[in-house]
Amino acid sequence: MIRLGVNIDHVATVRQARRAHEPDPVAAAILATLGGADGITVHLREDRRHIQDRDVFRLRDTVTTRLNLEMAAAEEILAIAVQVRPDEATLVPEKRQELTTEGGLDLLAHTAGLRAAIERLHDAGVAVSLFIDPDAAQIEAAHELQADAIELQTASYSEARGEAAIAREWEKLRVATAHARRLGLHVHMGHGLNYTNVQRIVRIPGVEELNIGHSIVSRAVLVGMERAVREMKSVIHDHAFTDLRPTAGA
Ligand code: PXP
């Protein structure tokens with residue numbers, strides 16, 4: 001069975017929009033797990049735009065499946081990761097202005113820093129996955145760096161339009177997965193996957209895990225909306241002041 005890692009970053013995005021206490025990513029993680037999530041994924045960004053340090057520590061204490069921490073190989077975040085000890089760390093590139101992670105890591109350009117980060121995480125007992133494009137040279141570099149897994153970025157596939165372009169991107173993912181599996185790497189995928197485009201992805205032999213966030217949180221907002229409004233109506237109704245005479249001083 002292919003594992004589903006549910007990325008709950010955007011639950012924290014809604015909370016941070018008001019710098020409030022709700023919605024709580026820990027509550028979202030519990031409900032996602034009840035829904036069958038095989039793991040919980042969060043990205044502790046250097047700009048802390050959604051998930052906060054405290055969330056990661058609380059999730060470590062409460063997630064009963066697997067906690068996957070997406071992170072840049074930056075000193076500050078590495079220090080937190082070795083304290084938290086997630087089950088897995090997924091190293092991703094990070095840019096301040098991006099809306100979300102854009103493209104995979106360039107393992108050939110950042111070999112020394114990544115090697116040091118991977119060693120540090122391994123010493124802390126954390127498995128390491130590298131978020132890369134479906135490219136043979138990157139896969140070989142991941143193997144050489146002794147990563148445990150790769151996460152193939154599916155953004156190019158998700159954004160492809162038209163059958164020929166989609167089929168081309170899918171084929172790149174298929175070939176990359178076979179190559180990585182031959183080298184003994186575990187293969188995960190993620191980015192831009194939704195209820196439609198995932199159907200074709202799961203036909204690729206060798207994929208072990210998918211990390212999906214935005215489309216699941218988006219759907220949760222909609223399918224949960226009716227109940228949320230019904231509950232608010234019922235609270236208002238049940239607690240309303242029913243005496244319609246003007247109140248003193250009104
Ligand atoms: N995998 C990685 C490495 C990511 O950076 C992200 C986005 O945070 C995801 C998966 C989830 O992507 P999406 O939110 O588009 O499902």
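Both counts, for ligands and for their atoms, begin at 1 and track the order of listing.
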Would you check whether [X] has a nitrogen or oxygen atom less than 3.5 angstrom from a nitrogen or oxygen atom of ligand 1?
| X | value |
| --- | --- |
| H214 | yes |
| E70 | yes |
| L193 | no |

Contacting atoms of ligand 1, where contact means under 4.0 angstrom from a heavy atom of [X]:
| X | value |
| --- | --- |
| D9 | 8 (O) |
| N7 | 8 (O) |
| N211 | 10 (C), 11 (C) |
| I212 | 16 (O) |
| V92 | 3 (C) |
| F131 | 3 (C) |

Q) With a 4.0 Å cut-off on heavy atoms, does G192 reach ligand 1? A) yes

Q. Does T41 approach ligand 1 within less than 4.0 angstrom via side chain, backbone, both or neither, non-hydrogen atoms only?
A. neither

Q. Between H10 and ligand 1, which part of the residue brings a heavy atom under 4.0 Å of the ligand: side chain, backbone, both or neither?
A. neither

Is a salt bridge present between [X] and [Y], judged by a nitrogen-to-oxygen distance below 4.0 Å?
| X | Y | result |
| --- | --- | --- |
| R120 | E75 | yes |
| R227 | E231 | yes |
| E171 | R168 | no |
| D53 | R48 | yes |
| R58 | D61 | no |

Q.
Heavy atom to atom 1 (N) of ligand 1, shortest distance: which of E151, H191, R45 holds it?
A. E151

Q. Do N68 and E70 have side-chain N/O donor and acceptor atoms under 3.5 Å apart?
A. no

Q | Short side-chain donor-acceptor distance under 3.5 Å, H122 and D148 | A | yes

(Q) Please evaluate residues E94 and H43 with respect to the criterion side chain to side chain donor-acceptor pair (under 3.5 Å), reporting the C-alpha separation (whole Å), side-chain torsions for both, the decisive distance (0.1 Å), and the verdict. (A) CA-CA 10 Å; E94 218 174 88; H43 185 175; 2.8 Å; yes

Q) Is there a side-chain contact between L105 and V92, using heavy atoms and a 4.5 Å cut-off? A) no

